Participant: 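So that we are looking at the same thing, I have put the structure below in structure tokens.
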Amino acid sequence: MRLKDKVAIITGAGSGLGKAAALLFAREGAKIVVAANRDKDGEETVKLIIESGGDAIFTQVDVTKASHLEKAVKTAVNKYGKLDIMFNNAGTPGPGKLIAELTEEEWNRVLAVNLTGVFLGTKYAVPEMLKGGGGVIINVSSVAGVSPRRYAGAYAAAKAGVIQLTRVTALEYARKNIRVNCILPGPIDTPFFTKVAGGDPERIAAFKEKVRNEVPLGRFAQPEEIAKVALFLASDDASYITGAAVAADGGQLLV
């Protein structure tokens, strides 16, 4: 019960890594605000948590909208009285195009979800954490934030921005007992991956083969494996870690 009596907001908690983290954090004693864009997915996560004996509530959130993140924080405080953990997990892969082929709208959308969403989650979480004497913010970046990937210009730029936003926030609030870290996942076996491949079976097969060849561990991560990294960062086990970018990539950044 490493998160006993803690209150956590997890964005993108309707599927993939966010869902895995919500279930894991709940098993470790946290009360969860499941923040997801799709009602059906978010409510399913809440149902699974409650059926397992946990405590959770759903709030519909589009992370590109400030009012939605502000509402999520208010929901946590109104329901549970405080906010201890903000897990800015929601993301989108982008259209998979060369830089010159990206439209302005596509660029803006990818940065809005992957970077501005993290900023907004942080902006509204920090004041409540200050009231409670501290807290933990965990952001999701990517190996693409430090190692360039073709056809991922907007995504890579946004994820690089998440790393620097994490570091700046950690520096600004370290003396206020707010720890801020980010995770750099490699390929994860989630619906996000299928979206990257456009649902095309041939592209999915080719990408899986690429992962087997290029990732030293030779496989995708399971969502639960990355969720365990988030759990560590959220817990007191990581009490002396802030401003870190933790690679959980199967060794991908080594090659």
Side-chain angles (χ1 to χ4, degrees), residues 1-13 18 21-22 24-26 28-36 54-91 112-141 158-159 161-183 227 229-246:
M1 301 293 282
R2 282 178 284 179
L3 302 181
K4 182 175 173 56
D5 297 327
K6 300 293 186 182
V7 177
I9 296 173
I10 302 177
T11 67
L24 178 59
F25 283 25
E28 291 287 340
K31 299 174 177 64
I32 310 296
V33 176
V34 172
D55 193 346
I57 187 173
F58 168 71
T59 183
Q60 196 274 335
V61 167
D62 176 345
V63 296
T64 68
K65 297 179 178 178
S67 61
H68 285 212
L69 272 308
E70 184 178 21
K71 180 188 73 173
V73 172
K74 287 181 178 177
T75 297
V77 174
N78 290 341
K79 173 69 174 178
Y80 299 118
K82 60 175 182 171
L83 176 62
D84 301 296
I85 301 161
M86 183 75 195
F87 187 11
N88 292 306
N89 162 74
V113 174
N114 291 314
L115 181 55
T116 303
V118 174
F119 158 68
L120 292 172
T122 300
K123 172 182 172 61
Y124 290 107
V126 164
E128 290 302 329
M129 290 179 176
L130 292 175
K131 291 177 187 176
V136 177
I137 298 171
I138 305 163
N139 302 323
V140 175
S141 179
K159 292 301 187 179
V162 170
I163 296 172
Q164 286 298 79
L165 178 59
T166 297
R167 290 170 172 164
V168 170
T169 311
L171 190 59
E172 289 180 345
Y173 293 100
R175 295 297 178 94
K176 299 295 185 180
N177 197 35
I178 297 176
R179 296 190 296 104
V180 190
N181 295 291
C182 67
I183 304 171
V229 178
L231 171 63
F232 167 71
L233 293 173
S235 75
D236 289 341
D237 292 340
S239 59
Y240 201 60
I241 300 175
T242 195
V246 180

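Fair warning: this is a prediction, and the values are worked out from it, not measured in the lab. Quick note: numbers below take in every heavy atom, side chains included, and nothing from hydrogens, waters or symmetry partners.
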Participant: Quick check: do V246 and F232 have side-chain heavy atoms less than 4.5 Å from each other?
Facilitator: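 When only atoms from C-beta onward are counted, F232 and V246 do not touch, as no gap falls below 4.5 Å.
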
Participant: Quick check: closest heavy atoms across L83 and A76, and the distance to 0.1 Å?
Facilitator: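 Between these two residues, the closest heavy atoms are CD1-CB, 4.4 Å.
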
Participant: Roughly how far, to the nearest 0.5 Å, is the CZ atom of F87 from the CD1 atom of I183?
Facilitator: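 These two atoms lie 4.5 Å from each other.
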
Participant: Does T242 use its side chain to pair, donor to acceptor, with the backbone of V180 at less than 3.5 Å?
Facilitator: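 Yes; judged by distance alone, with no hydrogens or angles, the pair exists.
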
Participant: Measure across I9 and A72 and return the closest heavy-atom pair with its distance rounded to 0.1 Å.
Facilitator: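 That would be CD1-O, 3.6 Å.
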
Participant: Is there a donor-acceptor contact under 3.5 Å from the side chain of R179 to the main chain of A238?
Facilitator: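 Indeed, once roles are kept as given, a pair shorter than 3.5 Å links the two residues.
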
Participant: Evaluate whether atom OH of Y124 has more than 12 neighbouring non-hydrogen atoms of other residues, nucleotides or ligands under 6.0 angstrom away.
Facilitator: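 Correct, the count exceeds 12.
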
Participant: Could you tell me which residues satisfy side chain to side chain donor-acceptor pair (under 3.5 Å) with N181, sequence neighbours excluded, listed by chain and number?
Facilitator: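 In terms of side chain to side chain donor-acceptor pair (under 3.5 Å), with neighbours along the sequence ignored, N181 is linked to no residue.
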
Participant: Just do the side-chain contact (heavy atoms from CB on, under 4.5 Å) check on T11 and M86 with the steps written out, would you?
Facilitator: CA-CA 8 Å; T11 67; M86 183 75 195; 3.9 Å; yes

Participant: Using the test salt bridge (charged side-chain N to carboxylate O under 4.0 Å, His left out), find all partners of D55 that sit at least two apart in sequence or belong to another chain.
Facilitator: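 With sequence neighbours excluded, D55 shows a salt bridge (charged side-chain N to carboxylate O under 4.0 Å, His left out) to no residue whatsoever.
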
Participant: With a 4.5 Å limit on heavy-atom distance, are the side chains of V140 and K159 in contact?
Facilitator: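 The answer is yes, as the side chains (C-beta and beyond) meet within the 4.5 Å cut-off.
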
Participant: Should V136 and D84 count as side-chain neighbours, where that means a heavy-atom distance under 4.5 Å?
Facilitator: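 Contact flag for V136/D84 side chains = no.
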
Participant: What's the spacing between F119 CZ and N139 CG if we round to 0.5 Å?
Facilitator: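 So the gap between those two atoms works out to 12.5 Å.
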
Participant: Mind checking whether K79 and V33 have side chains closer than 4.5 Å, heavy atoms only?
Facilitator: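 No. Closest side-chain heavy atoms not under 4.5 Å.
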
Participant: Under 6.0 Å from the NZ atom of K123, do we count more than 12 heavy atoms belonging to anything else shown?
Facilitator: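 Result for NZ/K123: open.
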
Participant: Quick one, V34 and I10 - any side-chain contact, counting heavy atoms below 4.5 Å?
Facilitator: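 Side-chain contact under 4.5 Å: no.
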
Participant: Looking at CD of E28 and NZ of K4, how far apart are the two atoms once the value is rounded to the nearest 0.5 Å?
Facilitator: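 It is 12.0 Å, given to the nearest 0.5 Å.
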
Participant: What are the two closest heavy atoms between A245 and I163, and how far apart are they?
Facilitator: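 Closest heavy-atom pair between A245 and I163: CB-CG2, 4.4 Å.
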
Participant: Drop me the distance from N177's CG to M129's CE, to the nearest 0.5 angstrom.
Facilitator: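 So the gap between those two atoms works out to 10.5 Å.
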
Participant: Dump the intermediate steps for side-chain contact (heavy atoms from CB on, under 4.5 Å) on I178 and T169, then the final yes or no.
Facilitator: CA-CA 9 Å; I178 297 176; T169 311; 5.8 Å; no

Participant: Do you know which two heavy atoms are closest between A22 and A13, and how far apart they sit?
Facilitator: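 Looking at all heavy atoms of both residues, the closest pair is CB-CB, 4.4 Å.
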
Participant: Mind checking the CG-OG1 spacing from L171 to T166? Nearest 0.5 Å is all I need.
Facilitator: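 That separation rounds to 12.5 Å.
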
Participant: Working note: N88 + I137, criterion side-chain contact (heavy atoms from CB on, under 4.5 Å); need CA distance, chi angles, decisive distance, verdict.
Facilitator: CA-CA 8 Å; N88 292 306; I137 298 171; 3.8 Å; yes

Participant: Taking all heavy atoms of A35 and all of V61, pick out the closest pair and write down the distance.
Facilitator: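 What the structure gives for the nearest pair is CB-CG2, 3.7 Å.
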
Participant: For Y80 and I57, work out which heavy atoms get closest and say how close.
Facilitator: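 Scanning both residues, the minimum pair turns out to be OH-N, 3.8 Å.
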
Participant: Do V162 and N114 come within less than 4.5 Å of each other through their side chains, counting heavy atoms only?
Facilitator: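 Side chain of V162 against side chain of N114, heavy atoms only: no contact under 4.5 Å found.
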
Participant: Looking at NZ of K74 and CD of E128, how far apart are the two atoms once the value is rounded to the nearest 0.5 Å?
Facilitator: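 So the gap between those two atoms works out to 9.5 Å.
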
